[in-house]
Amino acid sequence: MSDFEKLINFLARENYGNLFTPLCGLIAIVTGFLFVQKNKVTIFFLIYLIIDFIFSLCDTYLQTFSSFSKYQIFIFITLTNTIISLAELLTYYYFFSKIIKNKSILRVMKILGFSFFLITVLLETTRFAFLTPRLIYIADVVGALEFLFLVPPSFVYFYELLKNDPVVNLYQRPSFWIVTGILFYSVISIPYLLIDRFVYDNQYEHRYLLDLAFFYIPFSLNLIFLTRAFLCKKTLTI
């Protein structure tokens, strides 16, 4: 079997989510470089998107062409996904710190962000072996925790937005698209991550369709919304 056939077979088994989602990420990266004013917020988003895109390519390559064992690939994907989660949380928290005025939630975000950083370091260094040998369960809980941490500031943003009369049309506000995308992605991902291992351990027949519906599509929509925010051609914090 040729390398191309291996890739097609892998993508077909994964419902082509491994192709479409990185493509959305690449489009977001290019759009960000071309249309958005470069400042710290934009740079944070671009760095996060590039990290996610590179690791996605690495994951696909390892699962398709490498001679590494399934366990080695599993460890790599699990640990890199945690790094992406940290980059994602810190990027959005920095973004929220520029658009939210509520000082209480900002203080909470600092605590949660630092706590998640420590959790990530522990996972990367110890894999939480002192708690359980089932790394994937820990990783899924940590992933769900990240999205749970993103929900409160999203709601605070919308509360503050509705409380004040918007000067700019919502559809022309980059922040509206960004927060809508991450809130939708977070709300869908939390229950998905909590039942993911149960579904796979029980060899559910349509588990790949669940991945498509509750991971690839929400994540792709989040990237599309982020691209739409970039196309506003305004500072992302508006």
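Everything quoted here is computed from the prediction, not taken from an experiment.
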> By ring-ring contact (aromatic ring centres under 6.0 Å, His included), which residues pair with F55, not counting sequence neighbours?
Replying inline: none
>> Using every non-hydrogen atom in the two residues, find where C232 and Y171 come nearest and quote the distance to one decimal.
In response: SG-O, 3.9 Å
> Do side-chain atoms of K38 reach the backbone of V36 as a donor and acceptor pair under 3.5 angstrom?
Replying inline: yes
> Where do T237 and K98 come nearest, in terms of heavy atoms and distance?
Replying inline: CG2-CB, 3.5 Å
> Should I182 and F225 count as side-chain neighbours, where that means a heavy-atom distance under 4.5 Å?
Replying inline: no
>> Under the criterion side-chain contact (heavy atoms from CB on, under 4.5 Å), I'd like the reasoning laid out for Y71 against I75: C-alpha separation, chi angles, the key distance, then a yes or no.
In response: CA-CA 6 Å; Y71 179 74; I75 293 296; 3.7 Å; yes
>> According to a hydrophobic-cluster definition based on side-chain heavy atoms being under 4.5 Å apart (Ile, Leu, Val, Met, Phe, Trp, Tyr only), do L112 and V141 belong together?
In response: no
>> Starting from I27, can I reach F219 by hopping between I/L/V/M/F/W/Y residues whose side chains sit under 4.5 Å apart?
In response: no
>> Could you check whether any side-chain N or O of N81 sits under 3.5 Å from a backbone N or O of I77, counting only pairs where one atom can act as donor and the other as acceptor?
In response: yes
>> Please find the pair of heavy atoms, one from N222 and one from I178, that lie closest to each other, and give the distance.
In response: OD1-O, 4.4 Å
> If you look only at pairs with a residue in residues 118-144, which of them pass as a salt bridge (charged side-chain N to carboxylate O under 4.0 Å, His left out), with sequence neighbours excluded?
Replying inline: D140-R197
Which pairs of donor and acceptor atoms, one on a side chain in residues 47-54, lie under 3.5 Å apart (sequence neighbours left out)?
residue : atom : partner : partner atom : Å
Y48     : OH   : E88     : OE2          : 2.7

> Taking a hydrophobic cluster as the set of Ile, Leu, Val, Met, Phe, Trp and Tyr residues connected by side-chain heavy atoms closer than 4.5 Å, whether directly or through intermediates, do I190 and L210 fall within one such cluster?
Replying inline: yes
> Is there a side-chain contact (heavy atoms from CB on, under 4.5 Å) between L161 and V179 once you walk through the steps?
Replying inline: CA-CA 11 Å; L161 185 64; V179 179; over 6 Å; no
> Between atom CG of L193 and atom CZ of F215, what is the distance when rounded to the nearest 0.5 Å?
Replying inline: 8.5 Å
> Do the side chains of L118 and L150 join up, straight or via other hydrophobic residues, at under 4.5 Å, putting them in one cluster?
Replying inline: yes
> Under 3.5 Å, is there a donor-acceptor pair between the side chain of Q72 and the main chain of S69?
Replying inline: yes
>> Tell me the closest heavy-atom pair linking F96 and M109, and the distance in Å.
In response: CB-CE, 3.5 Å
>> Using the rule ring-ring contact (aromatic ring centres under 6.0 Å, His included), only one of Y92, Y93, Y94 pairs with F44; which is it?
In response: Y94
> Do I105 and P152 have side-chain heavy atoms sitting under 4.5 Å apart?
Replying inline: yes
> In this structure, are over 12 heavy atoms from other groups packed under 6.0 Å from F117 atom CZ?
Replying inline: no
> Hey, are the side chains of L86 and I83 touching, using non-hydrogen atoms and a 4.5 Å cut-off?
Replying inline: no
> Is the backbone N or O of F176 less than 3.5 Å from a side-chain atom of Y157, with the two atoms forming a donor-acceptor pair by type?
Replying inline: yes
> From K101 NZ over to L106 CG, what is the distance, rounded to the nearest 0.5 angstrom?
Replying inline: 12.0 Å
> Does some side-chain heavy atom of F128 sit less than 4.5 Å from a side-chain heavy atom of L123?
Replying inline: yes
> Between L183 and S154, which heavy-atom pair has the shortest distance, and what is it?
Replying inline: CD1-CB, 3.8 Å
> Do I111 and S115 have side-chain heavy atoms sitting under 4.5 Å apart?
Replying inline: yes
> Taking atom CG of L170 and atom CG of L162, what is their separation to the nearest 0.5 Å?
Replying inline: 8.0 Å
> Is a side-chain donor-acceptor pair under 3.5 Å present for D59 with S56?
Replying inline: no
> So, for A229 and W177, which heavy atoms are closest and what is the spacing to 0.1 Å?
Replying inline: CB-CB, 3.9 Å
> Are any side-chain N or O atoms of T21 and backbone N or O atoms of S220, one a donor and one an acceptor, separated by less than 3.5 Å?
Replying inline: no
>> Can you tell me how the ring of F214 sits relative to the ring of Y192, calling it parallel under 30°, perpendicular over 60° and tilted otherwise?
In response: parallel
>> With a 3.5 Å distance limit and no angle check, can you tell me whether T78 reaches the backbone of I136 through a side-chain donor-acceptor pair?
In response: no
>> Would a single hydrophobic cluster contain both Y159 and F149, if residues Ile, Leu, Val, Met, Phe, Trp and Tyr are joined by side-chain heavy-atom contacts under 4.5 Å?
In response: no
> What is the distance from atom CZ of F147 to atom CG of L194, rounded to the nearest 0.5 Å?
Replying inline: 11.5 Å
> In Å, rounded to the nearest 0.5 Å, how long is the span from CG of L90 to OG of S85?
Replying inline: 10.5 Å
> Does E160 use its side chain to pair, donor to acceptor, with the backbone of N102 at less than 3.5 Å?
Replying inline: yes
> Would you call D196 and D211 a side-chain contact if the rule is heavy atoms closer than 4.5 Å?
Replying inline: yes
> So, for F45 and F95, is the gap between ring centers shorter than 6.0 Å?
Replying inline: yes
> Got a second to check how far L89's CG is from L148's CG, nearest 0.5 Å?
Replying inline: 11.0 Å
> Hey, are the side chains of L57 and Y61 touching, using non-hydrogen atoms and a 4.5 Å cut-off?
Replying inline: no
